[in-house]
*Asks:* 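The following block contains the structure, expressed as structure tokens.
Letters go in sequence order (proteins before strands), and every chain restarts at 1.
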Protein chains: 2
Amino acid sequence: MQVTDFYVSAPGKAILHGEHAVVHGKVALAVSLNLRTYLRLKATTTDKVCINLPNIDTFLCWDLSELSQLIPYSFDKREEVKLLDAELVGRLQDFLGVTNGNLDTRNMATLSFLYIYISLFRSSELPSLTLTVWSELPTGAGLGSSAAYSVCLAAALLCASGAIPSPLKEWDHTARWCQEDLELINSWAFQGEMIIHGNPSGVDNAVGTWGGMLRFLAGKIIPLSRVPLLRILLTNTKVPRSTKVLVARVKDKINKFPSIMTPVLDSVDAVSCTCEKVLSEMTREPIRGEHYNTLEELIDINQHHLNVMGVGHPALDTLCRVTLTRGLHSKLTGAGGGGCGITLLRPETDASVIQTTVQDLKDCGFDCWETSIGGPGVQQHSPLSVKEEVLEVLNHY
Amino acid sequence: MQVTDFYVSAPGKAILHGEHAVVHGKVALAVSLNLRTYLRLKATTTDKVCINLPNIDTFLCWDLSELSQLIPYSFDKREEVKLLDAELVGRLQDFLGVTNGNLDTRNMATLSFLYIYISLFRSSELPSLTLTVWSELPTGAGLGSSAAYSVCLAAALLCASGAIPSPLKEWDHTARWCQEDLELINSWAFQGEMIIHGNPSGVDNAVGTWGGMLRFLAGKIIPLSRVPLLRILLTNTKVPRSTKVLVARVKDKINKFPSIMTPVLDSVDAVSCTCEKVLSEMTREPIRGEHYNTLEELIDINQHHLNVMGVGHPALDTLCRVTLTRGLHSKLTGAGGGGCGITLLRPETDASVIQTTVQDLKDCGFDCWETSIGGPGVQQHSPLSVKEEVLEVLNHY
């Protein structure tokens, strides 16, 4: 099968409001984070399939003849992509020498790629190609880097297999797929996520696919039609933490102080709903300073609530304090206990203020990016629309 | 009428939990603060009544003949002390040249003294005496300094008038009155508070009278039988604020975000009730580290809630941060927006840690005292039981 060259990108994810509360049946708002993962698919004639993941120093090639041995006999239909093909997963684990106890990032990324690649091409001929993926997202920081990777893989390989069309017209810089195609991309990305995470919520790949904002409640994911693009700083305190430990800590606190904590969860729920309402207003009426004031107030309130839940950290307090001295409001995003925080930038926030703030945060030992939330999900790119420094990396291999 | 020399003291007040929430129908816990106001009553033969208030540079004397002109004709019975005698107040205002627009601390303190003095002795002969009052409490900091003053005045003058006995036995250092006498002291102290504050809640004079802890809910004041004495640091950030403005700010926030703020008030209510339960446990069972852990958690939670209500201040954040670096937990007390904060000291907290923390806080420009909450209310002292530096001041005049 012959494929054509192809550039695709997918965004990361941040939780705007409702982290932890969502575990206890409350609304969470997940938003796309415009730190993106880029993928280049290149057709080759080497009868090999190669994958280059420079972020995690992984560069692998396999002969197509070797891989075709792994295709299971039983035939998996596209409608059944809600479940993993256990036989294929097992064969791939054996092939790569990966056991369930050896789930490092490189192995998971490789396994996920080969799974989607073989699954999509098992009924035809395995194509000769090279995939290179480069991400602006830090890995393991709760920013949906694995989902952005899986979404890119799914979109590129579905396109290469002919299951979905290439949406890019000659004169386009970027283009997106129709709803039906996005659903297919999302379901294959979810397969990748299942391989990487075991039991993912599906939020990360949905955000990577649809972009914008999603409402997540009791396992149900509802993409919100229109949200404004909000400029933010994304700060990684680099304080390591375990999501599992933090989730358990919140649960313990609820058990210890039910009468105190139950209303706090209700208040967080109301923060998410109020935020959703304000963002929706911002797409329907002229954006006013008051909209931003309210968004800032909600950020402050939720950050205090997260501290009450016990998932704050002195590094996050520092983030909030440092940004507040510049008039900017921050909260943790995701699991907390360290990890990442977001800082809302107002439309009128001056470039010099942003620059100084970023420098202040870097001086605290944090990583900091100026980016945005609420931007587009997975999209195809013309080479011209890929940032030069990213293109350089992608074309290097 | 001949009176005998007399030393009396009354504590200040701090809000342990529930400030602001109490305005919205939730429980507040008011505790006695062992920064005390001391009063010395000295019998004289000068046919004068003198008052010395060195804290506010007030030293005044009047001839008894002059004051006896002010006694109203109508006779006020002791049972009717719930209301002010408007005729007497008017006469005293005229006498002192005080109008309602000129309500400074000195005038209010003087008016309050003369009102109680004349009221209690109007049916007999005005006695010749000198009162000296010295307070460890900063004034106007929301720590109940005016109530402690009124309680001391009421206790000393009621005792001098023979309305209540002197409880001090020869061998005692300190002594307290029986319940009935305390109720009389409290009702006269409330009169003093009405003169000073116009429309006081009655909490401050109740704490000054009964000490320990009071539960305040929907205007009802319930003294709690037994509470443990807790060591604290009391810090005055000296950031000026208006209680009225802060109360309005909370109200505005509740109106803006009812679904978010209503559960926060419920959570504060639960903090107060949980704290009351823990303190009561601490009087019934051996005090464990876990009790203190819980008290610390409640302090942290409420401080976050008060920030959510919008009554925090960077100076209070500094207080919390500085004390937390020493493992100590703090919250604002009272109106917030600056003002005072309390820091819980554990039984095992080392003297050196306390000393360093106090110094750190003083280095921030704050005033800081090591004291306790939950101690006794108004009491009579033998001169020996008054701290030497206080005795020196009281006996100087």
Side-chain angles (χ1 to χ4, degrees), chain A residues 17-18 21 26-27 249-250 252-278 290-291 293-318 320-322 324-325 327 329 331, chain B residues 17-18 21 26-27 249-250 252-278 290-291 293-318 320-322 324-325 327 329 331:
Chain A
H17 288 297
K26 307 298 175 188
V27 168
R249 191 186 295 171
V250 174
D252 289 348
K253 207 149 183 191
I254 295 171
N255 287 337
K256 182 169 181 185
F257 300 121
S259 61
I260 296 169
M261 296 307 294
T262 305
V264 171
L265 295 174
D266 289 340
S267 185
V268 171
D269 195 65
V271 165
S272 297
C273 296
T274 307
C275 182
E276 192 184 323
K277 214 176 118 215
V278 173
E290 184 52 30
H291 287 131
N293 295 347
T294 301
L295 292 178
E296 288 174 346
E297 283 182 275
L298 296 175
I299 284 172
D300 290 344
I301 291 172
N302 201 356
Q303 176 64 15
H304 287 301
H305 285 348
L306 287 160
N307 272 307
V308 166
M309 292 183 216
V311 297
H313 188 276
L316 293 164
D317 295 341
T318 301
C320 293
R321 197 173 61 255
V322 166
L324 196 61
T325 61
H329 297 251
K331 69 177 275 290
Chain B
H17 288 296
K26 307 298 175 188
V27 168
R249 191 187 295 172
V250 174
D252 289 348
K253 205 150 185 192
I254 295 171
N255 287 337
K256 182 170 182 184
F257 300 121
S259 61
I260 296 169
M261 297 307 293
T262 305
V264 172
L265 295 174
D266 289 340
S267 185
V268 171
D269 196 64
V271 165
S272 297
C273 295
T274 307
C275 182
E276 192 183 323
K277 212 175 120 216
V278 173
E290 183 53 29
H291 287 131
N293 295 347
T294 301
L295 292 179
E296 288 174 346
E297 285 182 273
L298 296 175
I299 284 172
D300 290 345
I301 291 172
N302 201 356
Q303 176 63 15
H304 287 301
H305 285 349
L306 287 160
N307 273 307
V308 166
M309 292 184 216
V311 297
H313 188 277
L316 293 164
D317 295 341
T318 300
C320 292
R321 196 172 61 255
V322 166
L324 196 61
T325 61
H329 298 251
K331 70 178 276 290

*Asks:* Scan H304(A), M309(A), Q303(A) and name whichever one has a side chain to side chain contact (heavy atoms under 4.5 Å, CB included) with H304(B).
*Replies:* H304(A)
*Asks:* Might you point out which heavy atoms bring A270(B) and S259(A) nearest each other, and give the distance in Å?
*Replies:* CB-O, 3.3 Å
*Asks:* With chain A as the partner, which of L324(B), N302(B), T294(B) has the greatest number of non-hydrogen pairs under 4.5 Å?
*Replies:* T294(B)
*Asks:* Pick from M261(A), H305(A), R321(A): which one has the most heavy-atom pairs with chain B under 4.5 Å?
*Replies:* R321(A)
*Asks:* For E297(A), is it the side chain, the backbone, both, or neither that has a heavy atom closer than 4.5 Å to a heavy atom of chain B?
*Replies:* side chain
*Asks:* Among the options D266(A), V271(A), T262(A), pick out the one with the most heavy-atom pairs lying under 4.5 Å from chain B.
*Replies:* V271(A)
*Asks:* To the closest 0.5 Å, what do you measure between CD (E290(B)) and NZ (K256(A))?
*Replies:* 4.0 Å
*Asks:* Less than 4.5 Å apart, any side-chain heavy atom of I260(B) and any of L298(A)?
*Replies:* yes
*Asks:* Check whether D300(A) gets within reach of chain B through its side chain, its backbone, both or neither, counting any heavy atom under 4.5 Å.
*Replies:* neither
*Asks:* Is there side-chain contact between K253(A) and I301(B), with heavy atoms separated by less than 4.5 Å?
*Replies:* yes
